[in-house]
Asks: 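Take this structure first; my questions come after.
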Amino acid sequence: MTISINVNTVERSFDIQPGEVLLDVLRREGYLEVKGSCHSGDCGACTVLLDGRPVASCLILVAKADGHAVTTVRGIGDQAHPHVLQEAFVKNGAVQCGYCVPGAITSAKALLDENPDPTEEEIRLAMDSNYCRCTGYEQQVEAVLDAAAQLRKGDKK
Ligand code: FES
Ligand code: FES
């Protein structure tokens, strides 16, 4: 079966097998910035935006994404044009091994799109499905607060 998904603003067609999940198809097709770990919806490493909402791509049958838009962390920003969240994660020491970071930034992006001035508690709640074994979470919360403040000032987009 062939399906179409808009990935990072590019229309793509994918040949899929019954039962395949979005995470596995994205990685097979080269979107290696989307990480997999638990494959059971627990760790948040595989978070992408599906029509702007954060989802665990390991839990989404890829057929359900047919005709929809997926944004990976590379669609949020890349090395040449990093998003303010990505810069803030680096600046605030929120990247150590880095494995959780694509998912964490994706969840944070969804939060800031809806709520440009979140409290620390709202940030922790929005990112409570994104496990991080390295940072102790403090730096990631600081990074999101920092990015939100910069976005509100209009310094960055
Ligand atoms: S790999 Fe999807 S939530 Fe862990
Ligand atoms: S930076 Fe290593 S798991 Fe988060």
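One-based numbering, in listed order, for ligands and for the atoms of each.
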Asks: So how many protein N, O or S atoms does atom 4 (Fe) of ligand 2 have within less than 2.8 Å?
Replies: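 With waters ignored, the protein N/O/S count below 2.8 Å is 2.
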Asks: Drop me the distance from E33's CD to T106's OG1, to the nearest 0.5 angstrom.
Replies: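 Result: 9.0 Å between the selected atoms.
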Asks: I need the I123 CD1 to L112 CG distance, nearest 0.5 Å.
Replies: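 Reported to 0.5 Å precision, the distance equals 7.0 Å.
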Asks: Decide yes or no on salt bridge (Lys or Arg N to Asp or Glu O under 4.0 Å) for K109 and D113, but give the supporting numbers first.
Replies: CA-CA 6 Å; K109 173 74 164 62; D113 285 347; 3.0 Å; yes
Asks: Quick test of your reading of the model: are E138 and R124 salt-bridged, counting only N-O distances below 4.0 Å?
Replies: yes
Asks: Under 4.0 Å between a Lys/Arg side-chain N and an Asp/Glu carboxylate O for R53 and E114?
Replies: yes
Asks: Spell out the protein N/O/S atoms under 2.8 Å from atom 2 (Fe) of ligand 1 as residue plus atom name.
Replies: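 The answer is C46 SG, C58 SG.
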Asks: Once rounded to the nearest 0.5 Å, what's the spacing between atom CG of L23 and atom NZ of K35?
Replies: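 Here the interatomic distance stands at 10.5 Å.
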Asks: Keeping the roles fixed (side chain from N115, backbone from L111), state whether a donor-acceptor pair exists under 3.5 Å.
Replies: no
Asks: Report the distance from atom CD1 of I105 to atom CG of L85, rounding to the nearest 0.5 Å.
Replies: 6.5 Å
Asks: Donor-acceptor check, side chain of R12 to backbone of S4, threshold 3.5 angstrom: yes or no?
Replies: no
